[in-house]
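Report on the following structure.
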Amino acid sequence: MTTLDTAAVTEMKVTCGSEEFAQKLAVVGRGVSTRTTVHILTGILLRAEGGELSLAATDMEISLRASLPAETGDSGAVVVPGRLLVDIVRLLPPGVVTIEHGAEEGIARLTCGPASYGLHTYSADDFPRLPDVDGGGRFTVERGAFLDTVGKVGRSASRDESRPVLTGVLVRFEEGKLVMAATDSYRLSVKETPLEGGPGQELEALVPARALGELARIAQGATSDELEIGVQENQVVFGIAGVWLTARRIDGQFPNYKQLIPESFEAVVEVPREEFLDVVRRTSLMAQRKSPLRLRFEEGELTVSAQTQDVGDAKESLPVSYSGDVLEIGFNAEFLRDGLESVTDERARLKLISPLRPGLIQGEGDDFLYLIMPIRLAG
Amino acid sequence: MVPIVAHLDLDAFFAAVEELEHPELASKPLVVGGDPHGRGVVATANYEARRFGIRSAMSCAEALRRCPHAVFVRSNHSLYGQYSRAVWSAVREVIPTVERTGLDEGYLDIGEVASDFREARPLAEAVQAAVRGVTNLSCSLGVATCKVVAKVASDRRKPGGLMIVPPGREAAFLAPFDVRLLPGVGPRAEERMRAAGVATIGALARLTDQELAALLPGKVGALLRDRARGIDARSLDLATESVSIGHEETFARDVVDRERLHDELRRMAVRVAERLARGGQVARTVTTKVRYPDFSIRSRSTTLDVGTDDGTRIGELACVLLDRALTDRPGALRLVGVSVSKLETVVQLALVDAAYSGSQDTSTT
């Protein structure tokens with residue numbers, strides 16, 4: 001009837017390749033919240049503008065953003081259910097995908113060849129404002145060095161929500177090196193890595209271990225050797241091959257871990273790492289329901305044993321360079337395995353004091369340490 | 001060899017303990033549970049009170065209506081825990097292999113001690129005598145070739161009863177009983193069966209495959225019909241020996257104030273932790289349970305890598321879980337509770353303890 005009615009028929013129209021779209025969605029989709037009743041957080045924000053389709057998702061703790069080249073007919077933005085969009089696009093045949101969003105319907109229409117989908121939408125205005133990736137300056141580090149450090153340290157972080165500080169990895173840049181530390185209070189990992197580049201000043205942040213895990217996952221598929229990092233007041237920003245991940249910095253004081261590491265040890269035992277790890281893996285099968293793995297050190301020999309009530313037992317020895325009184329100590333099998341897997345050298349050193357004091361696992365160098373508290377053995 | 005399994009059930013356990021602690025109550029109708037003028041429910045009633053139609057899980061207000069001169073006592077779980085431990089250690093003196101399924105009930109592997117069913121009766125009587133000798137409590141036992149039959153049997157001759165179902169007689173024994181009495185039959189299954197005219201366990205046992213598929217589809221139907229026929233392959237579960245420890249509280253008035261709810265949970269967590277510590281145990285799973293004014297229940301759980309017996313920590317976890325439940329469905333609450341499970345006896349030492357106490361080292365290596 002009036003010209004107004006036909007003025008804004010389409011709010012957004014964008015066309016892109018289905019394969020690249022699926023690939024970017026797989027990355028960003030990990031940021032969609034799975035444990036919320038806030039509907040907008042279950043969605044992915046699509047924005048078409050200036051020849052680019054950008055995607056964003058957040059669960060308010062981390063956010064993920066990526067973009068791909070696209071034909072942007074009408075620029076605009078809309079939020080669509082995230083999980084569903086990821087699944088649909090993943091299953092599409094290679095081809096051209098078009099997304100159109102008419103404002104009045106509240107539905108986005110996705111077409112690819114003969115296939116057509118209508119997706120109920122949320123308003124882009126309701127989507128949370130994401131941290132600015134350019135705010136506060138960034139610097140570049142070598143990707144391999146950073147992620148290798150994450151890989152060695154990350155698993156010592158806690159997953160216990162009641163201890164937020166311990167769910168983070170302490171990331172510290174010092175002159176020419178990067179230091180990371182994590183502890184769940186039962187074990188502690190610390191890794192120092194020489195680093196080219198960096199912020200040019202000392203810098204420290206407590207970053208959610210989960211965010212670093214996501215970063216490592218994204219990096220697997222990326223081609224770039226560089227990782228961009230920005231440390232802001234409340235956020236940390238990571239950029240890798242066009243994907244941006246932001247994470248909220250954890251408030252609070254990370255434990256003064258240096259004072260947890262004993263200054264001296266009673267015994268230092270060198271073991272062939274792979275061989276010992278295999279013994280630990282095999283014996284662990286009989287350490288069910290968190291029963292301890294028993295390590296018995298005696299003259300020239302280490303015996304690993306485990307026993308679970310009503311299941312059975314296991315025992316295996318290997319020759320080691322130990323001398324002194326018999327020492328028997330118990331460890332959580334999983335924690336011990338984690339430590340031995342994090343040391344990548346051919347030989348590992350086990351440093352012990354007594355059955356109730358922490359044990360230390362190191363490789364051939366001193367750049368990495370894994371401190372592990374024992375389980376008190378009965379009898 | 002045919003398995004010989006007994007189900008042991010202490011008679012009106014909480015009430016019996018209260019009678020022992022307060023002999024003056026012994027001949028009176030006694031109800032253990034919540035406040036009869038509030039919204040508590042009956043945990044246990046003694047046999048005197050049961051004559052007035054008072055049953056477990058009935059509201060205390062209703063119990064008071066049925067028997068105005070009944071004596072109401074609040075539950076004292078730490079006391080019942082002490083009695084329960086004494087009972088089970090007495091039982092183990094006679095039958096070493098036991099699966100406790102609650103404070104007051106469990107299964108006994110009679111077959112480990114008896115060579116055949118003829119020896120089952122004297123052994124079962126010895127168990128009853130041992131329990132009475134140590135605690136003055138009475139219990140009932142059912143003995144059969146499998147758990148489901150033993151459980152139904154233990155309930156037949158309460159209190160102080162002993163019912164032995166010999167091999168081959170399982171289905172015939174179960175057949176006349178109301179289908180509701182078959183372990184595993186929930187309210188919904190009962191309703192469906194009743195609507196289809198299946199009123200007894202025997203009727204369920206006689207259903208053909210097609211009838212069963214129409215009435216109770218899936219694995220549950222087949223499982224229940226097997227049980228109705230006296231077929232139950234479950235062995236004693238010795239791994240999950242003690243199931244869980246928990247506290248919950250029904251409020252006199254529905255509570256919406258978050259701080260108040262947190263305070264309640266923290267307080268209950270401390271009590272839960274005390275009970276853990278008393279048993280020398282730690283727990284890996286913490287569960288918060290909430291009940292809304294419309295009686296619907298929700299629970300949220302989290303599992304730790306390493307067990308804890310720290311009341312403060314259990315309390316904090318319980319609060320996080322409460323917040324999560326209330327995010328999913330906000331509103332006032334009629335009840336909150338905290339419980340712990342995955343109980344273990346492993347003592348994993350912590351680094352912070354080592355750092356702050358500094359005196360953990362008791363060895364001389």
Side-chain angles (χ1 to χ4, degrees), chain A residues 35-38 155-156 158-164 166 183-188 255-262 265-267 287-292 297 308-311 324-332 334-335 338 352-359 371-378, chain B residues 97 99 109 235-241 265-266 269 280 282-284 286 288 300 302-308 310 312-321 323-330 342-365:
Chain A
R35 216 160 59 183
T36 182
T37 47
V38 184
R155 27 185 163 182
S156 282
S158 176
R159 285 181 292 274
D160 178 353
E161 295 161 82
S162 72
R163 300 165 141 186
L166 301 187
T183 178
D184 59 7
S185 88
Y186 308 109
R187 61 236 172 103
L188 162 76
N256 179 3
Y257 63 84
K258 284 181 184 157
Q259 74 174 42
L260 300 176
I261 305 164
F265 293 88
E266 294 290 328
Q288 296 178 15
R289 298 196 292 273
K290 306 282 169 187
S291 12
F297 295 89
T308 307
Q309 204 190 343
D310 309 314
V311 177
D325 294 340
V326 170
L327 170 61
E328 197 164 24
I329 188 165
F331 290 115
N332 174 308
E334 207 177 309
F335 293 171
D338 277 351
L352 300 165
I353 302 169
S354 75
L356 299 179
R357 298 293 308 276
L371 192 67
I372 171 174
M373 282 302 285
I375 288 174
R376 189 191 292 268
L377 293 173
Chain B
T97 305
E99 175 196 344
D109 186 358
S235 57
L236 263 59
D237 185 355
L238 305 168
T240 54
E241 222 247 334
L265 284 173
R266 289 195 188 103
V282 294
R284 285 207 296 125
V286 177
T288 296
R300 293 286 177 274
T302 186
T303 298
L304 303 167
D305 284 338
V306 171
T308 181
D310 175 351
T312 312
R313 183 141 174 246
I314 294 170
E316 288 315 310
L317 286 165
C319 291
V320 169
L321 294 166
D323 292 347
R324 199 183 293 162
L326 286 175
T327 307
D328 291 351
R329 182 182 161 185
K342 290 215 171 127
L343 307 183
E344 293 161 358
T345 52
V346 173
V347 185
Q348 166 72 59
L349 305 177
L351 281 164
V352 260
D353 297 348
Y356 295 120
S357 73
S359 57
Q360 291 249 343
D361 190 2
T362 54
S363 87
T364 52
T365 305

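Chain naming here is simple, since letters A, B, ... match the order of the sequence lines and numbering starts at 1 in each. Side chains included, hydrogens not; waters and symmetry mates left out as well; all remaining heavy atoms used.
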Region of B/R329 that comes under 4.5 Å of a non-hydrogen atom in chain A: neither
Under 4.5 Å to a heavy atom of chain B? For A/L188 that would be both
Is it the backbone or the side chain of B/L317 that comes under 4.5 Å from a heavy atom of chain A, or both, or neither? both
Check each atom of A/F331 against the heavy atoms of chain B and say whether the ones under 4.5 Å are side chain, backbone, both or neither. neither
Where is the tightest heavy-atom contact between B/L351 and A/P358, given as atom of each residue plus distance? CD2-CB, 4.3 Å
If every non-hydrogen atom of A/Y186 is compared with every non-hydrogen atom of B/G307, which pair is closest and at what distance? OH-O, 4.5 Å
Check each atom of A/S291 against the heavy atoms of chain B and say whether the ones under 4.5 Å are side chain, backbone, both or neither. backbone
Can you tell which part of B/V306 gets under 4.5 Å to a heavy atom of chain A, answering side chain, backbone, both or neither? both
Side chain to side chain donor-acceptor pair (under 3.5 Å) with A/D160: which residues, sequence neighbours excluded? A/S162, B/R313
Nearest-0.5 Å distance that lies between atom CD in A/E161 and atom CG in B/L304: 10.0 Å
If you count heavy-atom pairs under 4.5 Å between each of B/D328, B/T302, B/D305 and chain A, which one has the most? B/D305
Does a side-chain heavy-atom distance below 4.5 Å link A/K290 with B/Q348? no
